[in-house]
Amino acid sequence: MDELITEVIKVHVQEALREIFPEEGVEVIVEPAKDTRHGDFATNVAFLLARRRKKSPREVAQELQKIFQEKLQEIARVEIAGVGFINFFLTDHFLLSRLKRVFIEEEDFGAVNLGQNRRIQVEFVSVNPTGPLHVGHGKCAAFGDALARVLAKAGFQVEKEYYVNDAGRQIDLLGASLEARCRQLLGEDVEIPEGGYKGDYLIDIARQFLEEKGEALLNLPEGEKREIFKQFAVESILRDIRADLDRFRVFFDVWFHEQLLYQNDTVKTVLQILAEKGYTYERDGALWLKTTLWGDDKDRVLIRENGLPTYFASDIAYHWNKWQRGFDQVIDIWGADHHGYIPRMQAAVSALGLPQGFLEIFIVQFVTLLRGGQPERMSTRQGEFIPLKELVAEVGVDVARYYFLMRDPATHLEFDVEEAKKKSMDNPVYYVQYAHARIASLFKEAEKRGLKIEPFDQLQEVRFRVQEEREIVKKILYFPDVVKNAAQLRQPYLICVYLQDLASSFHSFYNLHRILDREDLSLTSFRLGLCRAMQIVLRNALSLLGISAPETM
RNA sequence: GCGCCCGUAGCUCAAUAGGAUAGAGCAACGGACUUCUAAUCCGUAGGUUGUGGGUUCGAUUCCCGCCGGGCGCGCCA
């Protein structure tokens with residue numbers, strides 16, 4: 001497997017190590033050098049071996065250098081620096097011949113086989129259908145979606161799922177709140193129930209309800225009426241949520257309804273399994289799960305004293321269902337307010353006997369929206385929130401997604417709307433997109449001038465004229481490594497960091513060197529080739545984030 | 001009180017998950033378009049990585065103690 005440029009070097013290094021130290025099993029790490037004086041890539045194996053062999057790293061490095069050099073003859077020059085770093089200086093020929101894959105693979109360039117076709121499910125957003133999506137949900141949506149795209153690129157078979165909590169007390173409250181709103185519209189003096197939903201959106205839905213269903217329904221028997229209100233509210237809100245997500249370019253493969261877990265007795269089955277394993281017990285009239293066996297602070301209730309199952313019970317059933325569907329791994333993405341829930345969920349998964357690592361849970365921290373220096377907290381319960389829809393209408397999908405994705409989701413995000421709206425260098429999205437548009441423009445200009453361009457693989461003269469060209473090629477070829485890292489660490493923001501760096505190299509190059517040169521068509525063809533490769537990578541990386549790559553700006 | 005996340009330039013964040021001299025953007029200052037898109041580039045300035053210990057060839061990164069911020073801690077979701 002030599003799809004990664006680091007892998008090519010690593011394979012040779014490992015081979016050499018087997019010859020010289022057959023008994024040592026060290027894990028070789030090859031990483032890009034930060035400083036060009038340290039070559040292109042470097043490895044630290046000398047340090048690792050030095051410890052075990054009780055020699056100085058420098059000595060070990062010297063031993064290794066010769067044999068590495070032999071192995072890597074065709075690819076690189078090997079040098080030792082500092083206290084024992086082994087640096088690889090790749091040959092121009094190697095870099096340029098590898099660049100050809102970019103043109104061959106096109107939109108597939110960057111794909112790696114980390115996942116080996118294993119099935120992985122990403123479940124995210126899963127907002128209760130009790131109100132519209134707000135900005136905080138947008139961050140979860142962007143993260144989950146980008147993560148799914150990155151994993152797919154890294155060779156996983158990915159399924160995106162939205163879990164709809166359409167059972168339980170919150171939904172009852174929603175129905176009751178809707179009824180209250182209807183009555184208010186008809187002039188009755190009624191209050192929204194305690195703990196109910198006070199957002200204005202329910203007024204719109206109430207209006208719609210009266211229009212479609214008529215007032216007569218208000219006089220139906222209690223039980224029947226409740227179901228109708230609940231269903232109407234949930235369907236209506238879910239429709240809005242789905243529309244918001246569509247607009248945000250987030251599409252789910254499966255919308256899984258909690259009710260199903262009750263209808264097909266999964267909840268019951270799971271309780272039985274846990275009971276048979278002896279992990280449950282009764283106390284104070286409730287049924288408990290011994291989550292403390294797996295490190296939880298205290299045991300948790302499955303069935304309440306009133307006989308109703310907790311959400312925890314149906315969540316366990318849900319994860320059992322995921323397992324039954326045959327995923328090798330599932331990822332849950334939750335809002336920060338749910339982090340206290342992680343230990344018990346993991347405990348439950350262990351109690352069911354599912355393999356360690358089957359369930360991965362990621363927490364997405366809150367977003368602070370800055371608008372005129374006024375920070376606002378997001379919360380569904382307050383009835384005061386900024387809908388995702390509004391933010392998107394204001395700054396656009398590309399900008400919103402990029403801002404959500406450019407940081408580690410585990411950290412708080414400050415989203416300055418005013419800055420995001422500026423079409424200037426303040427805005428990192430445009431910086432990247434501008435690089436893409438500039439390249440597109442170069443090709444148009446070349447055509448306009450009637451320049452006779454040779455395709456890259458047919459070039460007579462393939463060689464670097466300036467250092468910057470070489471740096472660009474190196475960065476382009478590193479893209480598959482970035483995809484692998486982002487997938488392995490579940491961190492799409494690494495794609496953003498990479499894009500900034502890549503775009504920066506291009507802009508810099510563009511300002512420093514002329515690309516279209518009538519006098520030197522060989523040079524022009526070569527540089528346009530680099531631009532084409534750059535453009536492909538920019539486009540591929542942007543598409544991992546679900547962000548467009550415009551031809552003009 | 002307990003648990004989780006976070007603390008890096010004035011501001012927002014990186015640092016390839018233990019590597020070499022801690023880097024970008026914004027804000028400040030000074031330069032570059034009669035020539036491929038100036039939404040760009042080049043330069044100057046800006047740091048005791050919250051703090052005190054520890055682990056080792058090496059720590060912004062790992063461990064422990066403090067300090068500060070956020071979020072949780074229900075038979076709510």
Side-chain angles (χ1 to χ4, degrees), chain A residues 6 29 31-35 37-38 42 44 46-47 50-51 56-58 81-85 87 128 130 165 168-171 173 195 283-288 297-298 300-306 308-312 315 335-343 363 365-366 368 370 377 380-381 406-408 410-414 416 419 422-431 433-435 437-446 448-449 478 481-482 485 488-489 491 493-494 496-498 500-501 503-504 506-517 524 527-528 531 552-553:
Chain A
T6 53
I29 293 174
E31 54 191 10
K34 281 180 192 156
D35 190 322
R37 280 172 302 179
H38 299 141
N44 63 345
F47 294 103
R51 190 168 307 171
S56 80
R58 180 91 197 178
V83 283
F85 290 96
N87 296 331
N128 286 2
T130 53
N165 283 110
R169 211 171 72 88
Q170 293 304 317
I171 299 299
L173 272 170
R283 195 182 74 202
D284 305 331
L287 184 72
W288 298 70
D297 295 341
K298 52 183 187 176
R300 306 291 172 175
V301 171
L302 294 167
I303 307 281
R304 288 177 274 193
E305 201 179 352
N306 64 11
L308 295 175
T310 57
Y311 273 80
F312 183 44
D315 282 343
D337 51 340
H338 284 65
H339 76 250
Y341 204 70
I342 296 175
I363 289 302
Q365 287 288 347
F366 291 115
T368 307
L370 295 176
R377 251 283 313 283
T380 347
R381 292 291 163 78
M406 64 196 283
R407 309 265 142 83
D408 180 346
T411 64
H412 299 250
L413 174 68
E414 301 226 349
D416 192 321
E419 184 190 285
K422 282 192 226 161
K423 296 197 169 182
S424 70
M425 56 177 135
D426 296 357
N427 198 317
V429 196
Y430 296 132
Y431 185 83
Q433 290 182 321
Y434 188 51
R438 260 185 161 174
I439 292 170
S441 160
L442 278 171
F443 284 106
K444 268 177 240 156
E445 185 63 24
K448 203 170 104 191
R449 293 186 190 180
Y478 193 59
D481 273 280
V482 175
N485 289 338
Q488 208 156 30
L489 301 165
Q491 287 291 18
Y493 88 89
L494 293 173
C496 294
V497 173
Y498 173 72
Q500 289 298 321
D501 185 46
S504 165
F506 174 73
H507 286 311
S508 196
F509 177 72
Y510 182 92
N511 276 276
L512 213 53
H513 304 289
R514 181 141 283 274
I515 291 157
L516 303 181
D517 186 343
T524 302
R527 288 192 171 160
L528 278 176
C531 287
T552 58
M553 283 178 76

> Once each nucleotide of nucleotides 3-14 of chain B is scored for protein heavy atoms under 4.0 Å, what B/S/- sequence comes out, 5' to 3'?
Replying inline: BBS------SSS
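K298(A) comes within 4.0 angstrom of the backbone, heavy atoms only, and of no base. Heavy atoms of T552(A) sit under 4.0 angstrom from at least one base atom. Nucleic acid contact class of P32(A) (heavy atoms, under 4.0 Å, all strands): base. Using a 4.0 Å heavy-atom cutoff across all strands shown, A336(A) reaches sugar-phosphate atoms only and no base atom. Note on H38(A): a base of the nucleic acid sits closer than 4.0 angstrom, heavy atoms only. Base contact: K34(A) has a heavy atom under 4.0 Å from a base atom. Heavy atoms of D315(A) sit nowhere under 4.0 angstrom from any nucleic acid atom. Note on S441(A): a base of the nucleic acid sits closer than 4.0 angstrom, heavy atoms only. Within the nucleic acid shown, Y341(A) has no heavy atom closer than 4.0 Å to any nucleic acid atom. Counting non-hydrogen atoms under 4.0 angstrom, E305(A) reaches a base of the nucleic acid. If you check every strand for non-hydrogen atoms under 4.0 Å, A435(A) touches nothing. A42(A) comes within 4.0 angstrom of a nucleotide base, judged by non-hydrogen atoms across all strands. Across all strands shown, R58(A) has no heavy atoms under 4.0 Å from either base or sugar-phosphate atoms.
In this structure the side chain of L442(A) reaches within 4.5 angstrom of the side chain of C531(A), judged on heavy atoms. Residues H38(A) and N87(A) have side chains in contact (heavy-atom distance under 4.5 Å, counting atoms from C-beta outward). With a 4.5 Å cut-off on side-chain heavy atoms, L494(A) and Y498(A) do not count as touching. Side-chain contact between Y434(A) and M553(A) is present, with heavy atoms from C-beta onward closer than 4.5 Å. Side chains of T552(A) and K444(A) form a contact here, defined as non-hydrogen atoms less than 4.5 Å apart.
For V301(A), the listed nucleotide lying nearest its side chain is C75(B); candidates were C41(B), C75(B), A77(B). Side-chain atoms of R449(A) lie closest to C36(B) of the nucleotides G72(B), C36(B), A20(B). For A286(A), taking side-chain heavy atoms from C-beta onward, the closest of the listed nucleotides A77(B), C36(B), C75(B) is C75(B).
A donor-acceptor contact under 3.5 Å is formed by the side chain of N44(A) with the base of G19(B). Scanning atom types as modelled, no donor and acceptor separated by under 3.5 angstrom connect the side chain of Y510(A) and the base of U37(B).
Annotated as syn: A17(B), whose O4'-C1'-N torsion sits within 90° of 0. Classification of C33(B) as syn follows from a glycosidic angle within 90° of 0.
In terms of position on RNA chain B, the residue among R169(A) and N511(A) whose nearest nucleotide sits closer to the 5' end is N511(A). Mapped onto RNA chain B by nearest heavy atom, H513(A) and A33(A) fall at different nucleotides, with A33(A) at the one closer to the 5' end.
T524(A) and D517(A) share no donor-acceptor pair across their side chains, judged by distance under 3.5 Å alone.
Nearest approach of E445(A) to L516(A), heavy atoms of both residues: CG-CD1, 3.6 Å.
Distance CD (Q491(A)) to C1' (U61(B)): 15 Å, rounded to an integer number of Å. F506(A) places its CZ atom 14 Å from the C1' atom of A39(B), with the value rounded to the nearest Å. The CZ atom of R37(A) sits 10 Å away from the C1' atom of A20(B) (whole-angstrom rounding). Whole-Å rounding puts the H507(A) NE2 to A39(B) C1' distance at 8 Å. Across the protein-nucleic acid pair, K448(A) atom NZ and C36(B) atom C1' stand 10 Å apart, rounded to whole Å. With rounding to whole Å, F47(A) atom CZ is found 7 Å from G58(B) atom C1'.
The aromatic ring centres of F85(A) and F47(A) sit less than 6.0 Å apart.
Residue R438(A) places at least one side-chain N or O under 4.0 Å from the OP1 or OP2 atom of A38(B). Close to A39(B), at under 4.0 Å from its OP1 or OP2, lies a side-chain N or O of Y434(A). Residue S504(A) has no polar side-chain atom (N or O) positioned under 4.0 Å from OP1 or OP2 of A24(B).
Residues satisfying the salt bridge (Lys or Arg N to Asp or Glu O under 4.0 Å) criterion with R283(A), sequence neighbours excluded, are absent altogether.
Comparing the same atom, P, in G46(B) and in A22(B) gives a spacing of 14 Å after rounding to whole Å. Nucleotides U12(B) and G7(B), compared at atom P, are 12 Å apart to the nearest Å. Nucleotides A14(B) and G54(B), compared at atom C1', are 27 Å apart to the nearest Å. Taking the P atom of each, A15(B) and G23(B) are spaced 14 Å apart, rounded to whole Å.
Classification of the F506(A)-Y510(A) ring pair by plane angle, with boundaries at 30° and 60°, yields tilted.
Stacking between F85(A) and A20(B) is present: the aromatic ring centre lies within less than 5.5 angstrom of the base six-membered ring centre, and the two planes differ by under 30 degrees.
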